[in-house]
Structures are given as C-alpha cells and as structure tokens.
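Written out below as structure tokens is the structure these notes cover.
Heavy-atom basis, side chains included; hydrogens, waters and symmetry copies ignored. Lettering of chains follows the sequences in order, A, B, ..., and the numbering in each one begins at 1.
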Number of protein chains: 2
Amino acid sequence: MTSSADFRRTLSSDLARAVVRMVNDNGLGPGDALDSVKVLAARFDVAVPTMREALRRLEGLGVLEFRHGSGIYVGANAGRRVLANPLSPRPNQGQLIELLEARRRIEPPIAALAAQVQDAVGLAWMEESLARARQQIAERDDALWLTNLDFHRAVAATGGNGVLAEVLDSIVLIHADAQREILRLHGDAVEDYDEHARLAAAVREGHPADAERAAAGHLEHVATIVRARS
Amino acid sequence: MTSSADFRRTLSSDLARAVVRMVNDNGLGPGDALDSVKVLAARFDVAVPTMREALRRLEGLGVLEFRHGSGIYVGANAGRRVLANPLSPRPNQGQLIELLEARRRIEPPIAALAAQVQDAVGLAWMEESLARARQQIAERDDALWLTNLDFHRAVAATGGNGVLAEVLDSIVLIHADAQREILRLHGDAVEDYDEHARLAAAVREGHPADAERAAAGHLEHVATIVRARS
DNA sequence: GGTCATAAAATGATTAGATCACTTTATGAC
DNA sequence: GTCATAAAGTGATCTAATCATTTTATGACC
C-alpha cells in the first residue's frame with residue numbers, strides 16, 4: 001500500500017526544508033529566534049506571503065512558533081522524530097481503551113530498559129516528578145495529572161533511547177485531556193502514586209523484570225478504571 | 001517540565017481547527033477533495049492568503065494535500081494520532097542504531113499481539129507483502145526495501161490496535177531512506193525474507209512467544225548489519 | 001541614580017487584487 | 001468513437017498597503 005513514489009516538489013515545501021536546514025546549520029534549538037519574515041523572504045528571494053506559507057507549514061508540525069509582534073521561534077518539536085497529532089479528533093470510549101492497550105504493550109519493555117540503563121538525567125527527572133506528585137496530593141493541586149504524565153515520560157527518558165522517549169511522549173500526549181477527565185473523576189491519587197513509586201523503585205534499584213511487571217500492572221489498573229466507567 | 005499552559009489562540013490556528021472539524025463532520029477521508037480555497041475563505045469570512053496559511057499548517061502535518069491546478073485534498077495523516085516528523089534531519093550512525101534499538105524493544109511485543117489477535121485484514125496484508133517480496137527478489141526489483149517496510153507495518157496491523165499500528169508506521173518511516181541505503185549495500189535479501197517468513201508463520205499459526213522471538217531475532221540481525229558497516 | 005509611563009520602532013496579522021501555471025473538463029474536428 | 005484543442009477552474013506567487021502586538025528606547029519624575 002501507499003507508494004511514496006510521488007515527490008511533489010513545490011516551492012513551499014522546498015522553502016520549508018531549507019528553513020529547517022538553516023535552523024540546524026545555525027545550531028538553533030527550541031526557544032531561539034529566527035530572523036524576521038521580511039528578512040527570510042529576502043534571503044530566499046521570495047515574496048512575504050510565500051515565505052509565510054512555508055513557515056506556517058512548519059508551525060503545523062510544531063517545529064516553529066509564531067509570536068505576534070515578537071518574532072518567529074524554534075518550536076518544541078524541532079529535531080523530534082515522532083510526534084503526536086495535535087489535531088486528532090476527540091476520542092470515544094473505545095479509542096481510549098485502544099490507546100491504553102497500546103500503552104500496556106509499549107511501556108513495560110521501556111520500563112525494563114530504564115532499569116537496565118538508568119540514565120542519570122532521566123532518574124533525576126523521575127524522582128523530581130514523584131516528589132512533585134507527593135506535594136500536589138497533599139495540596140489537592142489539580143495539576144497532579146500533568147505531573148503523573150510527566151512521570152511516565154521520565155521513565156522513558158531513563159531508558160536513554162531518544163526514539164523510545166519520543167514515542168512515549170507522543171502516546172502519552174494523545175487525548176491527554178480526555179484521560180485527565182476520566183482519572184479526575186474515577187482515579188485514586190494515592191493508589192496511582194504508590195504504583196508509580198513501586199515502578200520507580202524497581203528502576204532505581206536496577207530490576208528490569210520488576211519494573212516491567214510494575215508498569216504492566218499499573219497500566220492494567222488504569223485500563224480497568226476506564227473500562228468500568230459508564 | 002513543559003507546562004502546556006499557554007493557549008495562544010490565533011486566527012490561523014482556530015481556522016485550522018475548524019477545517020479539521022469540517023472534514024470530520026462531512027465524513028471526508030484521505031483522497032477526498034475539499035472546496036476551493038476561494039470558497040473556503042468566503043465560508044470562514046477571511047481573506048484568501050489567511051485561509052491559505054491555515055491550510056498550509058494542516059499540510060505540514062500531512063492532514064491536507066495541495067495539488068496545483070486541481071484542488072486541496074484530505075491527506076494520509078488525517079485522523080492519525082502518531083506521526084513521523086517528515087523533516088527530521090539526516091541521521092548519523094549513532095542515531096540509526098538508536099532507532100533500531102527502539103524497534104528492537106517495540107516490535108517484538110507487537111508481533112506477539114499480532115499472533116494473538118490475528119486481525120484478518122492485517123493477515124491478508126502480511127501474506128500479500130510476503131508474496132510481493134518473493135517476486136521482487138526473483139526480479140531483482142529495487143523496490144524490495146519498500147515491500148519489506150510494508151511487511152513490518154502489516155504485522156503491526158495484524159495486532160488490531162490502531163495506535164500501535166501508527167506507532168510502528170512512524171518509527172519504520174523514520175529515516176527510511178537511510179535504512180534503505182544500508183540494507184541495499186549490506187543486507188541479504190533472501191535472509192531477510194526467510195526471517196520475515198518465520199515471523200509470519202508464527203503469527204499465522206497463533207504462537208505469540210515464537211512471533212516475539214522471531215521479531216527480536218530479526219531486528220537484532222539488522223542492527224548487527226548496521227553496526228558492522230564502516 | 002533609579003523607576004515608570006510614554007513614544008517609537010520592529011514584527012507579525014490580515015486584507016485586497018492582480019497575474020501566472022497547472023489540471024480538468026468541455027468542445028469539436030476527424 | 002478518438003483525439004487534439006479550447007475553456008474554465010484552481011492553486012501559486014507577487015505587490016502593496018494597513019492593523020495589532022510586542023519590544024525597546026526615551027525622558028520625565030521621584
């Protein structure tokens with residue numbers, strides 16, 4: 001299926017590619033500013049609207065970011081290889097379960113890898129997000145769900161593999177708002193924390209099999225909650 | 001990390017969102033045509049260049065597709081949740097190995113799921129791509145590498161989980177050209193085929209553990225080839 | 001000398017209309 | 001019925017102007 005044979009080269013797509021190369025060659029990273037649209041248009045010898053269209057295309061991917069009155073900046077997805085579609089339509093119950101079953105398959109082996117590799121930055125991030133969760137539970141902070149997502153991403157980061165981390169980032173971000181709503185209504189914050197802590201301990205102490213089991217158990221638990229809701 | 005707190009609503013982003021909703025509401029799928037830019041601009045009551053920028057943003061994501069002189073069509077990524085960044089820069093040796101190690105972790109459990117679920121469409125796709133590979137090997141067709149990628153996607157589809165299939169689609173497409181080059185120079189087409197056939201047999205006959213082992217072995221083999229190249 | 005309101009400059013956002021290029025469809029000759 | 005041609009539709013690009021937002025420079029005031 002799908003022959004990627006047709007390379008429809010257009011000015012807009014070539015421009016976008018050139019801008020990305022320019023960003024990489026200049027060593028720019030997320031948050032850094034590009035030249036103004038006018039300057040870019042002049043440099044690439046095209047009219048301003050044409051330049052803007054090429055830049056908008058990159059904005060769609062999250063590779064660039066427009067700030068009215070300020071400038072155009074490198075976005076969070078620059079250099080990233082796997083992305084979550086920010087425009088995927090609102091999921092129904094079945095799609096949510098499908099998503100959780102996908103996580104159930106992917107996250108355990110990633111947790112096992114984390115326990116093997118124990119990347120230092122990832123470990124620190126993991127502990128930090130756990131501590132933050134403790135505090136937010138105590139303060140009944142509504143932002144807890146974000147911290148919990150962060151924990152899963154931190155575990156993936158501890159595996160030391162950028163592609164896997166990006167994959168996990170993506171699937172965790174899919175329908176994040178829908179997942180939040182469910183867990184806010186039906187989840188148990190303390191139980192969640194305990195499961196995370198168990199997983200963290202297995203990773204910290206270097207027990208891949210335990211980490212894998214902990215991740216699997218945790219996700220099955222979450223899936224049960226989602227399945228059970230009316 | 002990363003508070004997604006700033007919702008910078010802009011006309012362009014609202015327009016893009018509205019277009020996506022329109023596509024979904026009208027039940028349009030990949031390949032279907034949208035109204036012309038002029039008509040869309042009139043409908044949303046904005047000027048043509050503004051409309052074009054919003055559409056370009058969606059083109060960046062692969063949700064839309066522009067065809068000069070013909071029209072604007074729904075793209076292959078519409079409705080998809082996980083995407084491969086089509087603009088990720090060319091990888092170095094280390095990044096290729098990282099990618100293969102990611103696949104080594106993700107694909108085996110997916111293969112196991114495929115052997116459990118045995119989705120009919122996926123199975124047919126799998127057999128079809130195997131048959132095509134046989135023919136292309138006999139004819140020394142250069143497009144064989146595409147068929148091989150297709151086989152991996154077919155296995156994921158056989159698992160019946162859309163999210164997992166999209167994840168696999170994405171990571172298989174990352175740096176696909178770079179992978180092709182390596183395998184063309186250092187790979188053994190017949191050996192590749194045999195490993196695929198073994199995996200297919202395990203899936204077909206419903207042996208998850210065998211499928212998992214076959215997938216793992218195959219990817220380790222590929223990784224060895226990539227590591228070995230000078 | 002430091003602080004803060006104001007003015008000026010830079011930058012992106014949007015609009016308008018015109019012309020060019022490509023694709024598809026309708027027309028008509030053969 | 002087939003095929004070349006013309007016409008219409010559509011996207012691509014350009015020019016030029018005006019509006020809105022942000023940032024920086026200015027200078028009065030304390």
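With B:Q118 contributing its side chain and B:R204 its backbone, the two residues share a donor-acceptor pair below 3.5 Å. Without hydrogens or angle criteria, B:E98 side chain to A:G162 main chain gives a donor-acceptor distance under 3.5 Å. Listed for the B:Q136 side chain is no donor-acceptor partner under 3.5 Å among the backbone atoms of B:D141.
Atom pair A:E65:CD and D:dT22:P shows a separation of 13 Å (rounding to whole Å applied). Taking atom CG of residue B:D14 and atom C1' of nucleotide C:dA13, one finds them 14 Å apart after rounding to whole Å. Going from atom CG of B:L11 over to atom P of C:dA13 covers 10 Å, rounded to whole Å. Between the NE2 atom of A:H68 and the C1' atom of C:dG12 there is a distance of 5 Å, given to the nearest Å. Per the geometry, CZ belonging to B:F66 stands 16 Å off C1' belonging to C:dA21, to the nearest Å. Put simply, CD1 on B:I72 is 15 Å from P on C:dT23, counting in whole angstrom units. At whole-Å resolution of the value, CZ in A:R67 and C1' in D:dT22 are 11 Å apart.
Using a 4.0 Å cut-off on heavy atoms, the residues of residues 25-57 of chain A that approach DNA chain D are A:V46, A:A47, A:P49, A:T50, listed by number.
Counted within 6.0 Å of CZ on A:R17, heavy atoms from surrounding residues, nucleotides or ligands total 12 or fewer; the atom is thus considered open. The environment of B:N92 atom CG is dense: over 12 non-hydrogen atoms of other residues, nucleotides or ligands sit within 6.0 angstrom.
Closest heavy-atom contact between A:F66 and A:I72: CE2-CD1, 3.9 Å. The two residues A:V48 and A:V37 make their nearest non-hydrogen contact at CG1-CG1, 3.8 Å.
Screening B:H152, B:E107, B:R103, B:R104 for a side-chain contact (heavy atoms from CB on, under 4.5 Å) involving B:H218 leaves a single residue, B:H152.
We find the CG-CG distance between B:D32 and B:N26 to be 10.0 Å, quoted to the nearest 0.5 Å.
Contact annotation: A:S70 does not reach the phosphate of C:dT11 (side-chain N/O to OP1 or OP2, under 4.0 Å).
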*Could you spell out the base pairing of DNA chain C in dot-bracket, with Watson-Crick or G-U pairs whose two distances are under 3.5 Å, [ ] crossing and | to another strand?*
||||||||||||||||||||||||||||||

